[in-house]
Peer 1: 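Pasting in a structure now, in structure tokens, and then I'll have a few things to ask.
Every chain is numbered from 1, with letters handed out A, B, ... down the list of sequences.
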Amino acid sequence: MNGAPLPDGKGALDLDGLTKRYGEERVVDAVSLGIRAGEFFSLLGPSGSGKTTTLMMIAGFVAPDGGAIRVDGADLTRVPPQRRGLGMVFQNYAIFPHLNVFENVAFPLRARRVTEAELRPRVQAALALVRLERFAERFARQLSGGQQQRVAIARAIVFHPPIVLMDEPLGALDKNLRYDMQVEIKDIQRRLGMTVIYVTHDQEEAVNMSDRLAIMNHGRIEQVGPPGDVYQRPHNAFVARFLGEANLIAGTIDRVHAGEAALRTEDGTLLRGSIDGPLEAGRAAALFVRPEQLALGDGGGENRMHGTVARRSFLGSTVRTQVDSGRGVHLLIDMINAGAMRMPEPGSAVTVSWSPACSRILIG
Amino acid sequence: MKPHRTTLLMLPAFAMLGCIFLAPLAWFFVHTLLIDSDPSDLRDQLVAVLASRAMLRAIVTTNWISLLVTVTVLLLGYPIAYYLANRRGFRFTLVVFCVIVPYFTSIIVRTYSWMVLLGREGLINQALRDLHLISDPLPLLYNQFSIVIGMTYVLLPYMVLTLFAAMKGIDRNLLLAARGMGASGPMIFRRVYLPLSRHGVISGALIVFILSIGFFITPALMGGPSDVMVAMLIERSVEITLDWPGAAVMSLFLLSVTLLLYAVYYRVTDVRRLMGTV
């Protein structure tokens, strides 16, 4: 019975104009989201962007000043947290120090007055899912950070909640362990078919795990979509910069034609890129392109700029080259580190080129 | 090993403690039990004093009153400490003020003020009579009831401060987590809050009990003729019957029990550290 996926269509979450004010400040400002059942959804943003407050409102620990929270159509906005039936993994695990692993995981079942006969196999199944069967008698202080994290996950899923909320659950772990746990959490989520709302400020984590993600800033949602989409087609400069490295070249719109615009940079170069909505010529804008889309030399595409190599940094599997193109334009170029590849030395003059198809003209 | 230079800073305090506390104590025990009386009689002396009717009765009374006081202080102190652990600002300051200020007031003054309230012609009896609720005054003073009230009042701050420290150490996220997992208020209290504050309860109860068994002024002033605690019996032996060897034996007994309980207390605080819940 445990480990079985949830019935289809359970665990859809709707946020409708959710708002929270602390004094004058709107920490969460009219957030509306539709999260599908079984979806792994991340709320990604810098600290103070309102992502944790949004999660706490979903959990019921923070009362919203406006808007509604619905799970599978049922309004939970005024329901106290203990009756929402949502699983939650806290940032610092919040494992009860006076209870052993078994009793920690059994806690939500005891709160639901599950009989002793039914409780034992369910706790054991949850512990098996996070590979902690042999640690049932241990206390939190006898576990490593990763093991404590697993206890917190087992405890959040043992009562089969349709939705599990996770508040930066991997923040306290070191980098290698973090990646392993990402894979593991994602795997459990797929197997159980539950909806996960995942709060993080780590963009790599969000991109790696999420079906879709929402980028938050100043209490508002800047963009929602699958990680690949948001990465390739950011709506504005904030999203472009927050999710990965971005080149943003300032200029004014020169002309607009059929979903494409040409941008004139300060030194007069014309660069082309795609646009989403209508734009008028003469407006200040920026051309966005990812560092891995740029090529040294003129074989990369029709957008071209000239400059000098300022520095080169070795990032492991990639090599990042910075090219200064005058008037404060610094271009970052990422190339796969292919061993014996010859790179231009700092100080040498180069041409940088890229395709208009992977460029976007952004406002603001 | 070279002693740390700051150890010298403790020297005046140690010297004073040695001169006015340890030395007289040692002198008293040595003089009364080994010099004034025959050391070979020591064992008979011990048995005679400790098995005497008066001493046995005093031991029972002392334990009983100390237990009553400990339970009362705990029942009163736990809600106060809980309130303090969850409040800030003016209300916190106000309650702390009310709990702590009496702590700095002379114990004799506090005991007499209770006598003014509880006496036969005291404020409470007068008020009740003026309201025609009673015709004869209630026996509020000179019994175990008044001893327990007086001692509870004196000992409450020790309990509140000990519990407050324990409760402040409880991670609020654990309570949120318990709620998020579907636990009701009573269940969170029973299964999370109480167990996590338990070391505070044990430490507080031990401190109050330890202080109770040595109490003298409050039971002497507010108790009845039959409520004789060990400390009062010691005082009588010294002042009235002039049985110093007897007083020494009783003091030695009381001191050993106190030290034993302190040993338990330190074990408890050690266990607390082992649990990692400090």
Peer 1: Would you call A:Gln82 and B:Met181 a side-chain contact if the rule is heavy atoms closer than 4.5 Å?
Peer 2: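 Side chain of A:Gln82 against side chain of B:Met181, heavy atoms only: no contact under 4.5 Å found.
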
Peer 1: What do you reckon, is OH of B:Tyr103 surrounded by more than 12 foreign heavy atoms closer than 6.0 Å?
Peer 2: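 Open: at most 12 neighbouring heavy atoms sit under 6.0 Å from OH of B:Tyr103.
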
Peer 1: How about B:Arg87: does its CZ atom have over 12 heavy atoms from other parts shown lying under 6.0 Å from it?
Peer 2: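 Correct, the count exceeds 12.
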
Peer 1: Within the structure provided, determine whether B:Arg179 and A:Phe61 are in side-chain contact (heavy-atom separation under 4.5 Å).
Peer 2: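 Counting from C-beta outward, B:Arg179 and A:Phe61 do come under 4.5 Å.
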
Peer 1: Within the 4.5 Å heavy-atom criterion, are A:Gln91 and B:Asn173 side-chain neighbours or not?
Peer 2: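 With C-beta onward as the side chain, the pair stays apart.
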
Peer 1: More than 12 non-hydrogen atoms from neighbouring residues, nucleotides or ligands closer than 6.0 Å to CZ on B:Phe14, yes or no?
Peer 2: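 No, not enclosed.
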
Peer 1: About how many Å separate NE2 of A:His98 and NE2 of B:His199, when rounded to the nearest 0.5 Å?
Peer 2: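 The NE2 atom of A:His98 is 11.5 Å from NE2 of B:His199, to the nearest 0.5 Å.
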
Peer 1: Heavy atoms, side chains only, cut-off 4.5 Å: are A:Phe90 and B:Leu174 in contact?
Peer 2: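 In short, these two side chains do not touch, never coming nearer than 4.5 Å.
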
Peer 1: Work out which heavy atom in A:Glu103 is nearest to a heavy atom in B:Arg191; give both atom names and the distance.
Peer 2: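 It is OE1-NH2, 3.3 Å.
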
Peer 1: Where does A:Leu99 contact chain B at under 4.5 Å (heavy atoms): side chain, backbone, both or neither?
Peer 2: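 Only the side chain of A:Leu99 comes within 4.5 Å of chain B.
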
Peer 1: At a heavy-atom separation under 4.5 Å, does A:Arg112 approach chain B through its side chain, its backbone, both, or neither?
Peer 2: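 The side chain, not the backbone.
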
Peer 1: Atom CZ in A:Arg113, atom OG in B:Ser184: separation rounded to 0.5 Å?
Peer 2: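 OG of B:Ser184 is found 6.5 Å from CZ of A:Arg113.
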
